[in-house]
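Single-structure report; data block below.
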Amino acid sequence: MGHGKSRLNDSEPPKVVFLGPSSSGKSTTFHHLHMRYLKKEFADRYPTFQPLIRLKFALMLADLAQISVSENIVATDAPAQLVLDSALKFKFQPNGTHTIIPAELLDVANITAFFQDPHIAKVLQNKLNAPHFAACEYFRQNHERILAPDYEVSDLDILNVYMETHQINERKFMTPDGNSIAVWDVGGAQRERRKWLHILFGSAVNVFFLSLGDYDTMIGSKSYFEDALELLTNACTHAQFASSCLFLVLTKIDVLDAKLHSGKPFGAAVPSYKGAESVNAIVEWITSE
């Protein structure tokens, strides 16, 4: 929100840093820039995304199964129940250990039966707007293609599958007018935020992403939105930002609108908000705060 000289070396391209909490759209935007301006380099990485996308698919099934069991949900047919049972046993192996996805979670017929099961569909519908389940509907619509033996990753697969950033991503892009910029994407999870100040040193522009669709999600004892506003306040007042520009990007407005129409008031999750339960009123309140 301040302006001034922020680069250490004027021969270097301006440094742009993407900030914000998890699931706010930072990495999706970063990937989109990568696809747009570094097409060949990004296309060369597509094969590496295939196992990761399938892993995210299996982890989503595992989380969905855990929720189903906690709500005493039982599938109505054998193939769907087979997926449910297998998903309950599936565990991600951390620390670089190879994670083997059970065959039942890669079987198209079983997965189709699972998604078509009325009890599972009800659980899925209730969780579509949660950050961790943002890709559920996309997976449901595309599971036959994603699980096919000759599956090839598409741009939309990468943009629609949420992948938490665990490392600092940095790329230089050439803009249409011939200028070069260096864009940095940093993780938004609480354990990743200690890296922010180091990365922000020398930045010319900081872009803060704020998801409006996740306002009713809890992070510990506070809501996603309260956590995000606290981060944004710190960004606006920290001395590290004094010589750089700060832009606010509001994402998932369509999810906010859907939740408001489904009877989930914004004010119930964000007590400091006293305005009308409409997208325009909420956006105006946020930008004026």
Side-chain angles (χ1 to χ4, degrees), residues 22-23 25 27-28 30-32 34-35 39 41-71 73-166 213 252 254-255:
S22 297
S23 188
S27 295
T28 299
F30 184 83
H31 286 323
H32 193 75
H34 205 165
M35 292 174 186
K39 287 183 179 179
E41 176 187 314
F42 199 77
D44 291 341
R45 295 177 56 203
Y46 272 33
T48 67
F49 280 105
Q50 186 195 79
L52 180 58
I53 288 172
R54 285 179 170 169
L55 175 61
K56 294 295 291 187
F57 179 67
L59 291 172
M60 181 208 71
L61 291 173
D63 288 341
L64 197 58
Q66 292 289 346
I67 293 172
S68 299
V69 169
S70 69
E71 297 180 2
I73 298 295
V74 177
T76 58
D77 60 35
Q81 187 61 45
L82 183 64
V83 172
L84 191 63
D85 293 340
S86 182
L88 282 171
K89 300 173 185 176
F90 177 63
K91 300 291 183 183
F92 174 64
Q93 302 297 324
N95 302 323
T97 305
H98 181 60
T99 300
I100 299 175
I101 302 174
E104 295 84 358
L105 303 186
L106 298 173
D107 184 275
V108 172
N110 287 344
I111 298 299
T112 299
F114 180 79
F115 281 131
Q116 291 177 346
D117 187 280
H119 294 168
I120 302 299
K122 185 176 180 180
V123 176
L124 181 59
Q125 185 61 41
N126 291 336
K127 297 298 178 182
L128 282 181
N129 290 329
H132 198 59
F133 289 90
C136 278
E137 183 61 14
Y138 186 80
F139 274 133
R140 188 187 69 78
Q141 294 178 359
N142 292 275
H143 70 276
E144 292 185 18
R145 179 177 57 83
I146 292 173
L147 298 179
D150 57 350
Y151 167 52
E152 292 185 3
V153 177
S154 71
D155 290 354
L156 284 177
D157 292 343
I158 297 170
L159 293 176
N160 277 281
V161 178
Y162 169 62
M163 303 176 190
E164 187 175 283
T165 303
H166 293 288
K252 300 187 183 178
D254 56 332
V255 178

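Values in this document were obtained by computation on a predicted structure and should not be read as measured data. We're numbering straight along the sequence, starting at 1. All values below were derived from every heavy atom in this structure, side-chain atoms included, with hydrogens, water molecules and symmetry-related copies excluded.
The shortest distance between side-chain heavy atoms of F90 and L61 does not fall below 4.5 Å. For the pair F57 and L55, the minimum side-chain heavy-atom distance is 4.5 Å or more.
We find the CG-CG distance between L82 and D77 to be 10.5 Å, quoted to the nearest 0.5 Å. F49 contributes atom CZ, which lies 5.0 Å from atom NE2 of H31 (distance to the nearest 0.5 angstrom). Between the CG atom of L84 and the CG atom of N110 there is a distance of 12.0 Å, given to the nearest 0.5 Å. Once rounded to the nearest 0.5 Å, the distance linking CG of L106 with CD1 of I111 reads 7.5 Å. Atoms OG1 and CD, on T76 and Q116 in that order, are 10.0 Å from each other to the nearest 0.5 Å. The OG atom of S68 lies 5.5 Å from the CZ atom of F114; values are rounded to the nearest 0.5 Å.
In plain terms, the two heavy atoms of Q81 and A75 that are nearest each other are OE1-N, 3.0 Å. The two atoms that bring A148 and R54 nearest to each other are O-NH2, 2.7 Å, heavy atoms only. Among all heavy-atom pairs drawn from F139 and F115, the shortest one is O-CE1, 4.3 Å. Pairing each heavy atom of L64 with each of V123, the nearest pair is CD1-CG1, 3.8 Å. When all heavy atoms of A113 and A80 are compared, the pair lying nearest together is O-CB, 3.8 Å.
Take R140 and apply the side-chain hydrogen bond (donor to acceptor under 3.5 Å, both in side chains) test, not counting sequence neighbours, and it matches E137. With sequence neighbours excluded, no residue forms a ring pair (Phe, Tyr, Trp, His ring centres under 6.0 Å) with F30.
Few gaps surround NE2 on H143; more than 12 heavy atoms of other groups in view lie less than 6.0 Å from it.
Between D157 and the options K56, Q50, R145, a side chain to side chain donor-acceptor pair (under 3.5 Å) holds for only R145.
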